[in-house]
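Input: a single structure, listed below in structure tokens.
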Number of protein chains: 2
Amino acid sequence: MSTIANARSGEQGRSVSVKDVASAAGVSVGTVSNVLNRPDKVSPATLAHVQQVIGDLGFIRNDAARQLRAGTNRAVGMVVLDVRNPFFTDVARGVELRLGEHGRPLILGSSGQDAGRESTYLDLFEEQRVSGLLISPVGKVLPRLRRLRERGTAVVVVDRRTGSREFSSVAVDDVRGGRIAATHLIEAGRRRIAFIGGPQGLTQIKHRLRGAEAVVAEHPGTVLRFVETGTMDADAGRRGAESLLALPARERPDAIFAANDLVALGVLQALTLAGVRVPDDVAILGYDDIDFAASAAIPLSSVRQPREEMGSVATDLLLGAMEDPAAQVRDIVLEPELVVRRSTTG
Amino acid sequence: MSTIANARSGEQGRSVSVKDVASAAGVSVGTVSNVLNRPDKVSPATLAHVQQVIGDLGFIRNDAARQLRAGTNRAVGMVVLDVRNPFFTDVARGVELRLGEHGRPLILGSSGQDAGRESTYLDLFEEQRVSGLLISPVGKVLPRLRRLRERGTAVVVVDRRTGSREFSSVAVDDVRGGRIAATHLIEAGRRRIAFIGGPQGLTQIKHRLRGAEAVVAEHPGTVLRFVETGTMDADAGRRGAESLLALPARERPDAIFAANDLVALGVLQALTLAGVRVPDDVAILGYDDIDFAASAAIPLSSVRQPREEMGSVATDLLLGAMEDPAAQVRDIVLEPELVVRRSTTG
DNA sequence: AAACTTTCTTGAAACGAATCAAATCCACAG
DNA sequence: CTGTGGATTTGATTCGTTTCAAGAAAGTTT
């Protein structure tokens, strides 16, 4: 009877443990553990035999137990602002690839700009005792980040600066990006530039705008108008463009610098539907250079942020901090780069 | 001396455990556990007091230990084909929202169509003993799914059918989608339709094509041409469109049905750059109805797949199977829906 | 006030793998 | 044949929770 039960493979039996492997292989649990974690300490014969048994029994290490005893979760947590924006999935991809090289999984969460959801993810990561955390903060999370660090979790801030000098960070020079954008448009012969994006409260927006303003100030005869929007999606771009189309012809801009590519796509749509020619009548310049920018009906010029690189650099900082908690705090600033396509070159 | 050390908050001390909470609160560990897991079994006074202490000490439950003892990870794992395709992030979003209602976290992995990466994620999920798994399979994973199920992990297949009747699944009726697409184009007065997408090996492609072919067969005077591509991204669309542009004028299609919206965007770009008017000269119809379809320069008509709904329905099936492992296997087929925009209506 | 209930609280026993000091094995020199 | 040192292997102990039978306390009924 019991033989039959054991033979039935549909059974939902207790899963195989190191102990089972050990007795089946005729060795001690310590040896099985060594086979798993330091194969070089085990004689070749034993190693092969135990691995064989592990395969036969279909043993899979219980990570919860490993983690409890070892005191550390190999996983790294990441909270991004919005997984629906390709910018962030690209950064996350950079992170995941680099972590993969170190055999570490990534647990990705999206806050959707919501402080509550952000907090929920932080709870999760704390309970999971992740070994590292990458975050683009939304709410006031500094105290929590400090607590995480006290508990031994390395923390790196991505695509932002915390202001305090407590955590390493990786960001792109937005003032520079703003300068690059304005310079390009002016060199392409444009004089009346509109910047569409917002909210102005975001550091990124402020900086990009400041950079663009500085350049415009250096070029007499050029003007910059700021059209603030509440969000940074295609809809915002559409609305922003429509508000510009409503202006008297003489005041209309001949170039639009969008806060990001999503906004730029919205702008492109609104202009196209209104019969405005791009780039002939109005040039459009995006920001980020997500894949969709290159795939737009009129390929979008864009200020490229090195997205995957941000991810991999942030990961390197994190891995460094994980190895040596006393490692120096570093703020790495990457350079944006202009990618010229059809939308700005008549 | 030791007092000073304790007072130093920069210390990276061993973290607070239930035992610490218990002794600080003057109760037993059992009570602390009850406060955490069945607050209703604890007297209000004790409850309040213990919660206070938990807050003061900054206690955070160690999930690895919880999991080890309880034998179950609350998390659900999901492997999608490609996080960079908004279709999948939308499905994942539906999953995450529904899981959130049950206080369960989602661990999301992207296989990128690569059987190796898919397998790595399955390893991870097995080690983590996730309680449920949602997957759009790439490689030959049936044996592994069976094993996972034997171990007590519920499994639901998303956006595919396994063929075998072993696992519940959620998919959209692709033959129907193909019919809807062709019908719409023909009713809009188009006669020469091209279907761009591939590879043909994918069931989805086969079905959409079959549906479209059936409709064309029912309408004398209409023809369908299949342009196979290796991938399903914008680049494939671009190339497919270019190959059609190379045809002699009389053979050119007056409508293009793209296998998905990414492909459709690529088609739109190629046609726009070639000076072909959309929809006047050629209509374009996409599939999926991702947000970018609505945001294209010429808003794309598309066969909408209920993405978030797929996610939530799949999650419901999964939660059901988790509660009752013997629950009946169900294949749920959702209906696609036509969304008409500018790209198909002259 | 005794005899029951019902409500709370207790604390020892898991869960499964990693660790590490101690035991055993083995090859080889003396 | 003994002794030595390095290479392997052993197995009891530990990690932090949850669980649950049993005990204590408080309340109710007779």
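Below, read A as the first sequence line, B as the second, and so on, with proteins coming before strands; counting in each chain starts at 1.
- A/Asp63 comes within 4.0 angstrom of nothing in the nucleic acid, heavy atoms only.
- Using a 4.0 Å heavy-atom distance criterion, A/Gly30 is classed as a base contact.
- Of the candidates C/dA18, C/dA17, D/dG16, C/dA18 carries the atom nearest the A/Ala70 side chain, counting heavy atoms from C-beta on.
- When each of D/dT17, C/dA17, D/dT19 is scored by its nearest atom to the side-chain atoms of B/Arg38, the top-ranked nucleotide is D/dT19.
- The side chain of A/Ser28 has D/dT10 as its nearest neighbour among C/dT10, D/dT10, C/dA17.
- No side-chain heavy atom of A/Val80 sits under 4.5 Å from any side-chain heavy atom of A/Val91.
- Checked against A/Leu133 for a side chain to side chain contact (heavy atoms under 4.5 Å, CB included), the options A/Leu122, A/Val157, A/Val156, A/Val76 give a single hit: A/Leu122.
- Contact annotation: A/Thr31 side-chain N/O to D/dT9 OP1/OP2 distance is not under 4.0 Å.
- At its two ends the helix from C/dA1-D/dT30 to C/dG30-D/dC1 runs along axes set 50° apart, each axis drawn from five pairs and the angle rounded to 10°.
- Contact annotation: side chain of A/Arg69 to base of C/dA18, donor-acceptor pair present below 3.5 Å.
- Among the protein residues, B/Val42 comes within range of the sugar-phosphate backbone only, with heavy atoms under 4.0 Å from sugar or phosphate atoms but none that close to a base.
- Between C/dC8 and B/Ser43, no contact under 4.0 Å exists linking OP1 or OP2 to a side-chain N or O.
- The side chain of B/Leu68 has D/dG16 as its nearest neighbour among D/dT9, C/dA18, D/dG16.
- The side chain of A/Asn37 approaches C/dA18 more closely than any other nucleotide in the set C/dA18, C/dA17, D/dT17.
- Sorted by first and then second residue, the side-chain hydrogen bond (donor to acceptor under 3.5 Å, both in side chains) pairs involving residues 129-141 of chain B (not counting sequence neighbours) are B/Arg104-B/Ser131.
- Contact check, B/Ser17 against D/dG16: no side-chain N or O comes under 4.0 Å of OP1 or OP2.
- Close to D/dT9, at under 4.0 Å from its OP1 or OP2, lies a side-chain N or O of A/Thr46.
- The phosphate of C/dC15 has neither OP1 nor OP2 within less than 4.0 Å of any side-chain N or O from B/Arg66.
- Taking 4.0 angstrom as the limit, B/Arg129 places none of its side-chain polar atoms (N or O) nearer than this to OP1 or OP2 of C/dG16.
- Rounded to whole Å, the distance from NZ on A/Lys19 to P on D/dT13 is 13 Å.
- With B/Gln67 contributing its side chain and B/Thr72 its backbone, the two residues share no donor-acceptor pair below 3.5 Å.
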